[in-house]
Peer 1: 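Supplied in structure tokens, the structure appears directly below.
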Amino acid sequence: MDSLTIRTPDDFHAHFRDGAMLSNVAVFTARQFGRAIVMPNLVPPIITTEQALAYKSRISVALPDSLQFKPLMTSYLTEDSDPADIERGFADGVLTACKLYPAGATTNSAQGVRNIERVYGALATMERIGMPLLIHGEVTDPDIDIFDREAVFLDRVLSRIISAFPALKVVLEHVTTSDAVEFVESSGPNLAATITPHHLVINRNAMFQGGLRPHFYCLPIAKRERHRLAVRRAATSGSSKFFLGTDSAPHRVGDKESACGCAGVFNAPFALESYAKTFEEENALHHLENFASVNGATFYDLPLNEGTITLERSGSEVPLTYGTGVDTVIPFHAGETLAWRLKPRE
Ligand code: DOR
Ligand code: ZN
């Protein structure tokens, strides 16, 4: 097969940032995807509908109209979030979902949730109106090993949320363990999960290959090989409970290559090519369209995109860097040649 045409895909988890970074990175997502769920963990975070609306227009300004890309906005849940504002934002079509960050779990999550019961009012509203809850599923207790934080979250937090709000739609974001895969598979239809390109490709050794490799450091952190294989099986299985969410998370090179480097993999420029590589290696290219373009939209109750995109087997050379000076960012697969290449959208 030398060419693969699929319905235009969506990215159900992307970090666009703000300011100069937004102007530099959003176009990579908008070139490949019809829509993207935009994460709200800015500084300060996007908490209210009004802030989401203002951020949405900054994103539109950063993108050429010709791309016909639709950002889907999210609000960052805090213990002070106002359920009435969330309900209005959803009803007005400004907000698509809310994001739950346990406080301290990841980048800019300090204002996140410490006690899950403090957001039960918001969750009850979201359950009633059919608004999805997106979860960064890691506990933050310092006594829990970083490689166990996702698995422990399933038992301690996620099961409680699901039993308290059985009709709430929940997306467990960026799953990295066989525990999470099995949890999602064995739960009802209101729980689904996104999977990133990088967690399909790297295991935890990648961070330490011949030295410390900060560009493979992200959260949840990459796990053992057996977990990567479980995540690959889930993504490529054809199950409608798993869908595409890149978690593309750019940081300036100086913020990554630092004594206390930021978490995040910038995979937006060649995200589809990376997923295509994994699906081809698993003999599952026939499942790529559902994973990338159907399962997520169906779970979110969004119409499927109308257009198509085409991947050709003509090779993509991934640049070593994007941007210049302090704004340089290093992409996932830097310096590699990937077999597939996305034909530019007409
Ligand atoms: O690696 C990550 N980077 N994980 C997250 O959850 C957040 C993200 C970021 O915003 O940089
Ligand atoms: Zn993220």
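As the structure lists them, so they are numbered: ligands from 1, and atoms in each ligand from 1. Numbers here are sequence positions counted from 1.
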Peer 1: Report yes or no: is the cationic atom of Lys169 (NZ for Lys, CZ for Arg) under 6.0 Å from the centre of the six-membered ring of Tyr300, at an angle within 45° of the ring normal?
Peer 2: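 No, cation not above the ring by the 6.0 Å, 45° rule.
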Peer 1: Could you pull out the closest heavy-atom pair between Asp10 and Ala297, with the gap in Å?
Peer 2: OD2-CB, 4.1 Å
Peer 1: Please confirm whether Met39 comes under 4.0 Å of ligand 1, counting heavy atoms of the residue only.
Peer 2: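 Contact absent.
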Peer 1: Considering non-hydrogen atoms only, spot the tightest contact between Thr246 and Asn267 and give its length.
Peer 2: O-ND2, 2.9 Å
Peer 1: Geometry only, no angles: is Ala263 polar-contacting ligand 1 at N/O separations under 3.5 Å?
Peer 2: yes
Peer 1: Quick check on contacts: which atoms of ligand 1 are under 4.0 angstrom from a heavy atom of His136?
Peer 2: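 That gives atoms 6 (O) of ligand 1.
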Peer 1: Check Lys99 with Glu173, please: is the shortest side-chain N to carboxylate O separation under 4.0 Å?
Peer 2: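 Judged by the 4.0 Å cut-off on N to carboxylate O distance, Glu173 and Lys99 do not form a salt bridge.
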Peer 1: When you compare ligand 1 with Leu219, is there at least one nitrogen or oxygen pair between them that comes in under 3.5 angstrom?
Peer 2: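 So ligand 1 has an N or O lying under 3.5 Å from an N or O of Leu219.
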Peer 1: Quick one: is the NZ or CZ of Arg213 closer than 6.0 Å to the six-membered ring centre of Phe208, and within 45° of its axis?
Peer 2: no
Peer 1: Can an N or O of Tyr101 be found at a distance shorter than 3.5 Å from an N or O of ligand 1?
Peer 2: no
Peer 1: Taking Arg341 first and then Glu273, would you say they form a salt bridge - that is, a charged N and a carboxylate O separated by under 4.0 Å?
Peer 2: no
Peer 1: Could you please compute the angle at the Zn ion (ligand 2) from OD1 of Asp247 to NE2 of His15, rounded to 10°?
Peer 2: 90°
Peer 1: Which of the numbered atoms in ligand 1 are below 4.0 angstrom from a heavy atom of Thr107?
Peer 2: 3 (N), 7 (C), 8 (C), 9 (C), 10 (O), 11 (O)
Peer 1: Looking only at heavy atoms, is any part of Arg17 under 4.0 Å from ligand 1, and if so is it the side chain, the backbone, or both, or is it neither?
Peer 2: side chain
Peer 1: Quick one: does ligand 1 sit under 4.0 Å from the side chain of Ala249, the backbone, both or neither, non-hydrogen atoms only?
Peer 2: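 The answer is the side chain of Ala249.
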Peer 1: What distance separates Ile221 CD1 from Asp145 CG, expressed to the nearest 0.5 Å?
Peer 2: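 If I round to the nearest 0.5 Å, the distance is 9.5 Å.
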Peer 1: Tell me which N, O or S atom of His13 sits nearest to the Zn ion (ligand 2).
Peer 2: NE2
Peer 1: Please confirm whether His198 approaches ligand 1 to less than 4.0 Å, judged on its heavy atoms.
Peer 2: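 Per 4.0 Å heavy-atom rule, His198 does not contact ligand 1.
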Peer 1: Of all the atoms in ligand 1, which lie at a distance below 4.0 Å from a heavy atom belonging to Cys218?
Peer 2: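 Taking each heavy atom of Cys218 in turn, ligand 1 has 1 (O) under 4.0 Å.
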Peer 1: Please work out, at 4.0 Å between heavy atoms, whether the side chain, the backbone, both, or neither of Asn108 comes within that distance of ligand 1.
Peer 2: neither
Peer 1: Any salt bridge between Arg228 and Glu225, counting N to O under 4.0 Å?
Peer 2: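 Salt bridge: yes.
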Peer 1: Show your working on ring-ring contact (aromatic ring centres under 6.0 Å, His included) between Tyr55 and Phe16 and close with a plain yes or no.
Peer 2: CA-CA 10 Å; Tyr55 185 31; Phe16 279 0; 7.7 Å; no
Peer 1: Students should be able to answer this: which protein heavy-atom is nearest to atom 5 (C) of ligand 1, and at what distance?
Peer 2: Thr106 OG1, 2.9 Å
